[in-house]
Amino acid sequence: MIELKNIKKSFNGRPILDDINLTINDGEILAIVGPSGAGKTTLLRALAGLGDIDSGEILLDGKPFDPRSSDLKNNVIGVVFQDYNLFPNLTVWENVTLAPKMVLKMTKTALENEIKPILTHLKLAGKEGLYPFELSGGMKQRVAIARALAMKPSVLAYDEPTSALDPSMRTEVSNLLLDLKKDGVTQIVVTHDIELADKIADKIFRVNAIS
Amino acid sequence: MQYIETILPSLLAGVLVTLKVFVLTIIGALPLGILAGLGLKSEFKIIRWLLNGYVWLMRGTPLLLQLIFVFYGLPLINITFDRLDAALFAFILNYAAYFAEIFRGGFQAIPIGQYEAAKVLRLTPWQTQRKIILPQVIKNVIPPVGNEVINLIKDSSLVYVIGIGDLLRAGNIDAARDVTLVPYILVGVIYLLLTAVTTIGLRRLEKYYNYYR
Ligand SMILES: Nc1ncnc2c1ncn2[C@@H]1O[C@H](COP(=O)(O)OP(=O)(O)O)[C@@H](O)[C@H]1O
Ligand SMILES: [Mg+2]
């Protein structure tokens with residue numbers, strides 16, 4: 001369970017996040033919706049340790065937790081970026097296994113045993129040797145998901161998972177997220193796509209643009 | 001033909017010296033250039049300021065002047081180098097400055113998202129550089145670095161002025177002694193061969209790095 005308490009953040013004196021309070025329970029899908037510029041990405045970045053907050057507290061299973069702390073090993077928050085940010089110089093397999101190998105020190109056998117099933121589950125079996133430029137948008141997104149899941153995060157967070165894809169892929173994305181939910185993955189979906197949020201989310205949190 | 005055979009050994013000895021200057025300069029200037037390139041986008045203003053000054057100095061004055069300064073100038077304040085060391089000192093510092101500019105651009109071209117993805121995966125800054133950033137930078141900078149490498153082959157002839165027995169000096173000695181153009185032409189041909197071989201090598205390297213985009 002992750003709780004955000006009284007999160008505040010402003011840029012150059014302009015408040016973007018104004019006293020955000022929300023809770024996400026294990027196994028849930030939480031959608032964070034709101035118009036463009038409302039601060040959804042800012043919130044996600046704070047949660048992922050990519051941006052700081054001015055005040056407030058983040059709790060993981062009731063204990064204070066600092067996503068920016070460098071002694072965290074497993075990435076508590078896995079992030080699927082809006083344009084995926086795959087490493088173009090690495091194959092699918094290398095993209096997904098780099099951090100488990102270097103950070104979690106997983107052995108070769110452990111990688112085979114634990115990562116292969118993730119790839120298979122995400123319909124990436126047989127694609128291990130391909131480079132990102134050889135993949136379709138949907139495949140890139142699934143590699144990004146696999147890469148985040150391989151680090152066994154407590155929560156998987158997506159920034160606008162449908163925005164970089166063809167509209168016809170929306171159903172696929174929602175099925176994929178619901179599928180992961182069945183496996184018990186806790187997910188946060190930042191989106192301006194209200195329809196998607198309605199379809200998949202257990203809980204919808206609205207961020208309003210502050211004027 | 002007979003004449004060519006008689007002067008070839010002295011020219012080849014000169015080529016070895018030229019290659020030595022060339023290879024040792026690359027070995028010294030590339031890593032230094034990468035470090036300086038990183039330093040040029042350091043968050044510390046003093047480091048950026050110093051490195052910018054260094055690059056400005058090295059690129060804004062002739063390499064020939066730098067070479068003469070190190071070998072003939074510095075001894076006046078009691079800093080002496082032997083000839084080859086003086087040449088390498090000047091060449092490495094000079095070329096590292098050009099490489100630094102190239103690498104600075106190379107690092108700048110990597111999207112910030114690459115660093116952020118690495119960060120949320122908990123890779124250390126060093127792991128991020130080694131596995132993700134540097135390989136992409138190297139791919140991007142092969143063409144401009146290659147240009148400098150070709151320039152270096154030709155620039156290496158500047159060591160002539162501090163009395164190093166490189167290819168050009170070998171040819172010049174033969175030409176003066178035998179009063180003929182042939183050694184100069186031969187020297188030109190050998191430089192052409194060296195640049196051609198290097199160009200082919202660089203093309204191969206570029207092609208090799210085409211395995212991803
Ligand atoms: N690093 C930053 N510096 C200054 N302003 C920023 C920065 N990041 C975001 N903003 C501003 O904060 C607001 C919210 O941005 P963002 O969180 O990206 O919104 P959303 O994802 O909901 O579209 C925008 O007005 C944006 O310009
Ligand atoms: Mg956004």
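To find a chain, count down the sequence lines: A is the first, B the second, and so on, and within it residues start at 1.
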query: Are any non-hydrogen side-chain atoms of A:V103 and B:L121 less than 4.5 angstrom apart?
result: no
With a cut-off of 6.0 Å (strictly less than), are more than 12 heavy atoms of other residues, nucleotides or ligands near CD1 of B:I112? no
Given A:A99, A:A48, A:G49, the one with more heavy-atom pairs under 4.5 angstrom with chain B than any other is A:A99
Applying a strict 4.5 Å limit to non-hydrogen atoms, the region of B:Y211 in contact with chain A is both
Cut-off 4.5 Å, heavy atoms of chain A, and the answer for B:E116 is both
Taking a cut-off of under 4.5 angstrom between non-hydrogen atoms, the residues of residues 125-138 of chain A near chain B are A:Y131, A:F133
By residue number, those in residues 109-124 of chain A with heavy atoms under 4.5 Å from heavy atoms of chain B are none
Heaviest contributor of heavy-atom pairs below 4.5 Å to chain B, chosen from A:L86, A:N85, A:T91, is A:N85
Minimal heavy-atom distance between A:P67 and B:R122, with the atoms involved, is O-NH2, 3.2 Å
Can you tell me if CZ on B:R203 sees more than 12 non-hydrogen neighbours from other groups inside 6.0 Å? no
Review point. For B:I46, does the CD1 atom sit with more than 12 other heavy atoms under 6.0 Å from it, leaving out its own atoms?
Key: no
Bottom line for A:F87: the part with an atom under 4.5 Å from chain B's heavy atoms is both
Exercise for review: Answer yes or no: does atom NZ of A:K101 have more than 12 heavy-atom neighbours from other residues, nucleotides or ligands under 6.0 Å?
Suggested key: no
CZ of B:R213 to CG of A:N89, rounded to nearest 0.5 Å, is 14.5 Å
So OH of B:Y212 and CG of A:L90: to nearest 0.5 Å the spacing works out to 8.5 Å
So, the part of B:K131 with a heavy atom under 4.5 Å from chain A: the answer is both
#### Entry: B:F69, CZ: over 12 other non-hydrogen atoms inside 6.0 angstrom
no
